[in-house]
Amino acid sequence: GKMIVYTEGYARPKASYYATSNGSCKDVDVIVLIDSWSASASEIVSGAIQDNDRGMIVGRRSFGKGLVQEPSFFRDGSQIRLTVARYYTPTGRCIQKSYKNGTDAYYHELSDRAESGEMENESTKKMPDSLKFTTPKGKIVYGGGGITPDVFVPIDTTANTDYLFRSIREGLIYRFSLQYTEQNRTKCEQMPGYKQLQAYLQTQNLLNQYVAFAASKGLVANWKEIGISKKVIETQVQAYIIRNFFDDKGFYPVLNQIDETYLKALHIAESSEHLSKK
């Protein structure tokens, strides 16, 4: 019976959407993880959880995509999508970030966040009182585009190097993981679970194997940068190999071992018995 989201536009009346009694998380505490790439539906969920004092939002401010588009179909099968309204959280916050400074500024907004330091320090983002809203339990939340988390987690750049960026951009970690899987399938299939497979992989000197593979594909080894990015590379390689045998049930628990936002949320969950009441 509580509002989840409402839409409203210049030529569209307010339309509200409410929770039913069939929720899958009715009797558990909830933490939602977001960052600057969390957009649209995920922002609606985050806003509903936050505005109803139902749980905690952890991470960094979400993208800010909250436009309602209405399709009109033509005889040739084509269609046009016209923006007719915006999404609003239960307290009245508009999810959509502003276009007031023009289209170019809108598309560069994420890079502006990085340059301003917002990704690393939440105090650099000054929110005016005009964007302040209050939840039923008195918690202060802010509008202005995107969802601002209850608990801020700075972006982790400590492992960033050109070597890591090229490894990811060129798909080398993923490609190496596929090759390793095919060459070691029999042994890996003997592992009863992803934890046992990860323990085995940690004994296989995967970093050196990956570096040799990457060099064969044109990425020259830079051992200073490799040392900085070592943990990320090793964990990603292990996660991708494990996913080939245990799907996402093995992939995400391994990848989350280096996810600072996830680790922060886990710490909060383990130290708070009643999150939804705080």
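Quick note: residue numbers are just sequence positions, from 1.
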**Item:** Beyond-backbone contact of Val254 with Gln236, side-chain heavy atoms, under 4.5 angstrom
**Value:** no
**Prompt:** Is Val153 reachable from Trp37 through a run of I, L, V, M, F, W or Y residues, each pair having side-chain heavy atoms under 4.5 Å apart?
**Reply:** no
**Heavy atoms of other groups near Tyr262 OH, more than 12 under 6.0 Å** = no
**Request:** May I ask you to decide whether Glu122 forms a salt bridge with Arg61, counting only side-chain N to carboxylate O separations under 4.0 Å?
**Result:** no
**Request:** Side-chain contact test, heavy atoms from C-beta onward, threshold under 4.5 Å: evaluate it for Ile155 versus Arg60 and give yes or no.
**Result:** yes
**Asked** For Tyr174, does the OH atom have more than 12 heavy-atom neighbours from other residues, nucleotides or ligands under 6.0 Å away?
**Response** no
**Asked** If you look at every heavy atom in Lys137 and Asp53, which pair is closest and at what distance?
**Response** N-OD2, 2.9 Å
**Prompt:** What distance separates Ile173 CD1 from Leu206 CG, expressed to the nearest 0.5 Å?
**Reply:** 11.5 Å
**Request:** Report the distance from atom CD of Gln238 to atom CG of Leu197, rounding to the nearest 0.5 Å.
**Result:** 9.0 Å
**Item:** Ring geometry between Tyr6 and Tyr88 (parallel below 30°, tilted from 30 to 60°, perpendicular above 60°)
**Value:** parallel
**Request:** Before giving the answer on side-chain contact (heavy atoms from CB on, under 4.5 Å), spell out for Tyr180 and Leu201 the whole-Å C-alpha distance, their side-chain angles and the decisive distance to 0.1 Å.
**Result:** CA-CA 11 Å; Tyr180 183 91; Leu201 294 175; 3.6 Å; yes
**Fill in**
Heavy atoms of Ile4 and Ala19 approach each other most closely as CG1-N, 3.6 Å
**Asked** Of the non-hydrogen atoms in Leu219 and Ser167, which two are nearest, and what is the gap between them?
**Response** CD2-OG, 3.4 Å
**Prompt:** Are Phe246 and Phe251 close enough, and set up right, to give a side-chain contact (heavy atoms from CB on, under 4.5 Å), and what steps lead you there?
**Reply:** CA-CA 7 Å; Phe246 296 99; Phe251 177 72; over 6 Å; no
**Message:** Salt bridge or not between Glu109 and Arg113? Use side-chain N to carboxylate O under 4.0 Å.
**Reply:** yes
**Fill in**
The reported gap from CD in Glu260 to NE2 in His267 (rounded to nearest 0.5 angstrom) is 12.5 Å
**Request:** Specify whether Phe63 and Tyr106 have parallel, tilted or perpendicular ring planes, treating 30° as the upper limit for parallel and 60° as the lower limit for perpendicular.
**Result:** perpendicular
**Asked** Is the shortest heavy-atom distance from the side chain of Asp162 to the side chain of Glu225 under 4.5 Å?
**Response** yes
**Asked** What are the two closest heavy atoms between Ser229 and Leu164, and how far apart are they?
**Response** OG-CB, 3.5 Å
**Prompt:** Can you check whether Val141 reaches Asp51 side chain to side chain, under 4.5 Å on heavy atoms?
**Reply:** yes
**Message:** Using the rule that Ile, Leu, Val, Met, Phe, Trp and Tyr join whenever any side-chain heavy atoms are under 4.5 Å apart, tell me whether Leu178 and Tyr200 fall into a single cluster.
**Reply:** yes
**Prompt:** Out of curiosity, Thr83 OG1 to Gln69 CD, how far, rounded to the nearest 0.5 Å?
**Reply:** 4.5 Å
**Request:** Report whether Phe152 and Leu110 are members of the same hydrophobic cluster (ILVMFWY, side-chain heavy atoms less than 4.5 Å apart, transitive linking).
**Result:** no
**Neighbour count above 12 (heavy atom, 6.0 Å) for Trp223 CH2** = yes
**Request:** Decide yes or no on side-chain contact (heavy atoms from CB on, under 4.5 Å) for Lys217 and Arg175, but give the supporting numbers first.
**Result:** CA-CA 10 Å; Lys217 304 301 180 182; Arg175 290 160 60 188; 3.6 Å; yes
**Item:** Atom NZ of Lys97 with >12 non-hydrogen neighbours under 6.0 angstrom
**Value:** yes
**Request:** Might you point out which heavy atoms bring Ala265 and Ile31 nearest each other, and give the distance in Å?
**Result:** O-CD1, 3.4 Å
**Request:** Verify whether one side chain among Gln190 and Gln196 offers a donor that lies under 3.5 Å from an acceptor in the other.
**Result:** no
**Asked** Hey, is Arg185 close enough to Glu182 for a salt bridge, meaning N to O under 4.0 Å?
**Response** yes
**Request:** Show your working on side-chain contact (heavy atoms from CB on, under 4.5 Å) between Val211 and Tyr163 and close with a plain yes or no.
**Result:** CA-CA 10 Å; Val211 171; Tyr163 187 88; 3.8 Å; yes
**Prompt:** Does the side chain of Asp35 reach to within under 4.5 Å of the side chain of Thr261, using non-hydrogen atoms?
**Reply:** no
**Prompt:** With hydrophobic residues grouped by side-chain heavy-atom distances under 4.5 Å, do Tyr252 and Val232 end up in a single group?
**Reply:** yes
**Check: Ile147 and Arg93 side chains under 4.5 Å, non-hydrogen atoms** = yes
**Asked** Any chance the rings of Tyr194 and Phe245 have centres within less than 6.0 Å?
**Response** no
**Prompt:** Can you find a pair of side-chain heavy atoms, one from Pro13 and one from Glu8, that are under 4.5 Å apart?
**Reply:** no
**Item:** Check: Asn52 and Pro90 side chains under 4.5 Å, non-hydrogen atoms
**Value:** yes
**Message:** Take a 6.0 Å sphere around CZ of Phe74 and say whether it holds more than 12 heavy atoms from other residues, nucleotides or ligands.
**Reply:** yes
**Nearest heavy atoms of Pro149 and Gly59, plus distance in Å** = CG-O, 3.2 Å
**Request:** Could you tell me whether the side chains of Thr235 and Gln257 share a donor-acceptor contact shorter than 3.5 Å?
**Result:** no
**Asked** Nearest 0.5 Å, what's the CD1-CE distance between Ile242 and Met191?
**Response** 10.5 Å
**Asked** Quick one: do Ile258 and Leu172 end up in the same hydrophobic cluster if we chain Ile, Leu, Val, Met, Phe, Trp and Tyr together by side-chain heavy atoms under 4.5 Å apart?
**Response** yes
**Message:** Rounded to the nearest 0.5 Å, what separates atom CG in Leu67 from atom SG in Cys94?
**Reply:** 7.5 Å
